[in-house]
Amino acid sequence: MPKTPSGPAPTGTVPDPSRWKALVFIALAQLMVVLDATIVNIALPSAQQDLGISNGNRQWVITAYALAFGGLLLFGGRIADLWGRKRTFVVGLLGFAAASALGGAATGEAMMLGSRALQGAFGALLAPAALSLLAVMFTDGKERAKAFGIYGAIAGGGGAVGLILGGVLTEYLNWRWTFFVNIPFAVVAAAGAYFVIREPAGGRNRAPLDIPGVILSTLGLVSLVYGFTRAESDGWSDPSTIGLFVASAVLLAAFVAVEARVKSPLLPLRVMTERNRGGAYLALGLAIIAMFGLFLFLTYYLQVVKGYSPVKTGFAFLPMIAGMITGSTQIGARLMTRVAPRLLMGPGFLVAATGMLLLTGLEVDSSYTGLILPAQLLLGLGMGTAFMPAMSLSTHGVEARDAGVASAMVNTSQQVGGAIGTALLNTIAASATTAYIADHAAAATSPQARALLELQGMVEGYSAAIWWAVGILLVSATIAFTFINTGRPDAGSQPVASGGADDEVRVPVVAH
């Protein structure tokens, strides 16, 4: 296709002059949401003690957020399409700030759990709004690549940053600051978005809200996420775990049946059935399973086996963050307009799998610089390189009216992947640890030998689970190579009808 001639762009296609300023506030909001997924983990023991939360209920500090966030994401994406992305984004930020203030001021268990559920609900509003704003504001291929590179680096590395920040705040201030720190993030991002972001006209989907779809998708996703949470604590064969999975399957199947029939579906099936978008959602969700499991294992390995402090543990994740930023902004963003997305995603997941493979060799006395550091660098580089085009593909060729719900599907795949990863890999690790200790218990005759055996069993469990993570990343690479067949995005753009004759949104041309 010939390049756009030089000179003034046609009316309605001029890029927003404030788009790069807007990216700062969108990225800040995304960082806050991703941080919150891990920052509270570090603070949980202190908060549990202060608020008198029982061991049986402490998981709900994490689960309440995950259930609300994962269950309401599709609804949040549809609200963004209906209300307008800027308005949804600002409301989500202000609500998240208020919920964080409530959590930081919590005086008991109920107040804490309620604040976490509210954080998840408002996060489900702002996360898809943020990604869909990027999709409609950055229309030039090269600029879009840079913007999604920055966004992908934050989405991938923010969890590790949360571990660092959580450790610093908990160790030098107190756990309440892991909540209060969200308030300046949210207020600055909301004020900036209100004054800077100008959403392109004609991109709203004003069709009536699909209430049956909202109910079925929310209950189905909540059942799925909660099922994996229960599997981790009560076992996969527990009747309540099985019941939740069966309920989830029935509810989600009913949701698909309803969406195929209603006039204005919550999740138009056209969003899911396009092979490039579907492949990106699936590959991302699987990769997140591997990533979240690794965060958990490395955190425990460094703190329990190596004796690192929370702050030192957080900083030990810096190589992974550096790798993700480099892979996303320097490799993915630079090559995205030159090569097909599958040639970034597939090799990226393979490089990440290589880093994960190194970690299967973990021992009690493994060297940080000799094993963990290079493994993290490879993992970060691979994930950063793969995440960036995957994020961009999530809104590949989508109609402007569906940008919010398409973006919500990215967050949904990540949230469900995170819940599955934590439960599945933790269960595998626990089983392998138990088996190892049982096999070697007879030889441990002294207290010192038994203590060492427990550490060895723990590390053996991590290694067994990491082997599964390697396999999962190889499946992600296979999906990227086979499902995704779009060519490289051109630096030019083409209009896509969104609302009327005068309403058009410019999206990258794709050469097939």
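Here the structure is a predicted model, which is why all the values come from computation and not from measurement.
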Give the minimum heavy-atom separation between [X] and [Y], together with the two atoms involved.
| X | Y | result |
| --- | --- | --- |
| Gly355 | Ala375 | O-CB, 3.4 Å |
| Ser115 | Gly103 | OG-CA, 3.2 Å |
| Ala465 | Phe297 | CB-CE1, 3.4 Å |
| Ala390 | Leu284 | CB-CG, 3.8 Å |
| Val339 | Leu344 | CG2-CG, 3.8 Å |
| Phe245 | Leu224 | CE2-O, 4.0 Å |

Calculate, to the nearest 0.5 Å, the distance between atoms [atom1] and [atom2] belonging to [X] and [Y] respectively.
| X | Y | atom1 | atom2 | result |
| --- | --- | --- | --- | --- |
| Met345 | Phe387 | CE | CZ | 9.5 Å |
| Phe349 | Leu474 | CZ | CG | 11.5 Å |
| Leu23 | Leu133 | CG | CG | 11.0 Å |
| Leu94 | Ile183 | CG | CD1 | 11.5 Å |
| Thr178 | Phe180 | OG1 | CZ | 9.5 Å |
| Phe185 | Leu93 | CZ | CG | 12.0 Å |

Would you say the side-chain atoms of [X] pair up with the backbone N or O of [Y], donor to acceptor, closer than 3.5 Å?
| X | Y | value |
| --- | --- | --- |
| Thr360 | Ser463 | no |
| Asn485 | Asn276 | no |
| Glu363 | Asp365 | no |
| Arg275 | Phe483 | yes |
| Thr433 | Gly457 | yes |
| Gln48 | Ile53 | yes |
| Lys306 | Ser366 | yes |

Does the side chain of [X] reach to within under 4.5 Å of the side chain of [Y], using non-hydrogen atoms?
| X | Y | value |
| --- | --- | --- |
| Leu102 | Leu118 | yes |
| Leu169 | Trp175 | no |
| Ile26 | Ile197 | yes |
| Leu126 | Val33 | yes |
| Asn182 | Gln119 | yes |

| request: For side-chain contact (heavy atoms from CB on, under 4.5 Å), just list the numbers for Leu113 and Val61, CA-CA rounded to whole Å, side-chain angles, deciding distance to a tenth of an Å, and then say yes or no. | output: CA-CA 6 Å; Leu113 298 184; Val61 177; 3.9 Å; yes
| task | Step by step, work out the side-chain contact (heavy atoms from CB on, under 4.5 Å) result for Met320 and Met291. | result | CA-CA 11 Å; Met320 190 185 299; Met291 279 290 290; 4.0 Å; yes
| Member of Leu373, Leu381, Leu378 meeting the side-chain contact (heavy atoms from CB on, under 4.5 Å) criterion with Pro319 |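 When side-chain contact (heavy atoms from CB on, under 4.5 Å) is applied between Pro319 and each of Leu373, Leu381, Leu378, only Leu373 qualifies.
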| task | Classify the angle between the aromatic ring planes of Tyr65 and Phe69 as parallel (below 30°), tilted (30 to 60°) or perpendicular (above 60°). | result | parallel
| query | Where do Ile484 and Leu393 land on the side-chain contact (heavy atoms from CB on, under 4.5 Å) test, with the steps shown first? | reply | CA-CA 9 Å; Ile484 294 168; Leu393 274 179; 3.7 Å; yes
Taking everything shown except [X] itself, do over 12 heavy atoms lie less than 6.0 Å from its [atom1]?
| X | atom1 | result |
| --- | --- | --- |
| Lys21 | NZ | no |
| Phe481 | CZ | yes |
| Trp236 | CH2 | yes |

| With sequence neighbours excluded, residues passing side-chain contact (heavy atoms from CB on, under 4.5 Å) with Ile372 |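 For Ile372 the side-chain contact (heavy atoms from CB on, under 4.5 Å) partners, ignoring immediate neighbours, are Leu298, Tyr301, Leu302, Leu359, Leu362, Tyr368, Gln376.
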| request: Could you tell me which residues satisfy side-chain contact (heavy atoms from CB on, under 4.5 Å) with Ala106, sequence neighbours excluded, listed by chain and number? | output: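 Once residues adjacent in sequence are excluded, the partners of Ala106 under the side-chain contact (heavy atoms from CB on, under 4.5 Å) criterion are Leu51, Met111, Met112.
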Validation: residues 434-441 side-chain donor-acceptor distances under 3.5 Å, sequence neighbours left out:
unit_1: Thr434; atom_1: OG1; unit_2: Ala430; atom_2: O; d: 2.9
unit_1: His440; atom_1: ND1; unit_2: Tyr436; atom_2: O; d: 2.8

| request: Could you please spell out the steps behind the side-chain contact (heavy atoms from CB on, under 4.5 Å) verdict for Leu379 and Leu358? | output: CA-CA 10 Å; Leu379 192 61; Leu358 290 180; over 6 Å; no
